[in-house]
Student: 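Dropping a structure here in structure tokens format, bear with me for questions.
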Amino acid sequence: MQATDLKQGMWVEHQHEIAEVISIDPNNNTVIIENQNDHQRSTVSCEEIPDQPQLHAGCDRYY
């Protein structure tokens with residue numbers, strides 16, 4: 001994904017775990033994410049995040 005595809009508060013998958021987008025840096029195409037399980041925060045490249053529409057806000061209306 002690209003930084004322009006992401007929004008703060010969005011749920012994403014990273015390394016087979018679910019994380020919340022905390023902050024977005026479009027200049028460097030990176031995001032700060034917080035792991036749902038252990039609440040650890042890390043900065044990752046947006047390119048490392050696969051597009052998973054089922055996790056995004058409003059997924060209750062996706063199906």
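It should be emphasised that the depicted structure is a prediction, and the values quoted were computed from it without experimental measurement.
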Student: To the nearest 0.5 Å, what is the distance between CD1 (Ile33) and CD (Gln40)?
Tutor: 11.0 Å
Student: If we ignore hydrogens and angles and just use 3.5 Å, is the side chain of Glu34 paired with the main-chain N or O of Arg41 as donor and acceptor?
Tutor: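 Not at all, since once roles are kept as given, no pair shorter than 3.5 Å links the two residues.
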Student: Which atom names give the shortest non-hydrogen contact between Ala3 and Ile24, and what distance separates them?
Tutor: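 Heavy atoms only, the tightest pair is CB-CG2, 3.8 Å.
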Student: Are side-chain heavy atoms of Pro26 and Thr4 found at a separation under 4.5 Å?
Tutor: no
Student: Start with the C-alpha gap between Val31 and Ser23, add the side-chain angles, then the distance that decides, and say whether side-chain contact (heavy atoms from CB on, under 4.5 Å) holds.
Tutor: CA-CA 6 Å; Val31 291; Ser23 178; over 6 Å; no
Student: In terms of hydrophobic clusters joined by side-chain contacts under 4.5 Å, are Val12 and Ile32 together?
Tutor: no
Student: Measuring from Ser42:OG to Gln15:CD, what's the distance to the nearest 0.5 Å?
Tutor: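 With rounding to 0.5 Å, OG (Ser42) is 7.5 Å from CD (Gln15).
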Student: For Asn35 and Glu17, test the side chains for any donor-to-acceptor distance below 3.5 angstrom and give the result as yes or no.
Tutor: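 Note: Asn35 and Glu17 side chains meet the donor-acceptor criterion.
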Student: Which heavy atom of Met1 sits nearest to which heavy atom of Asn29, and what is that distance?
Tutor: O-ND2, 4.3 Å
Student: Side chain of Asn28, backbone of Thr30: donor and acceptor closer than 3.5 Å?
Tutor: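 Such a contact is absent between Asn28 side chain and Thr30 backbone.
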Student: Taking all atoms of both residues into account, what is the closest heavy-atom pair of Glu13 and Ile49, and its distance?
Tutor: O-CG2, 3.8 Å
Student: Looking at every heavy atom in both Glu20 and Gly9, which two are closest together, and how far apart are they?
Tutor: OE2-CA, 3.6 Å
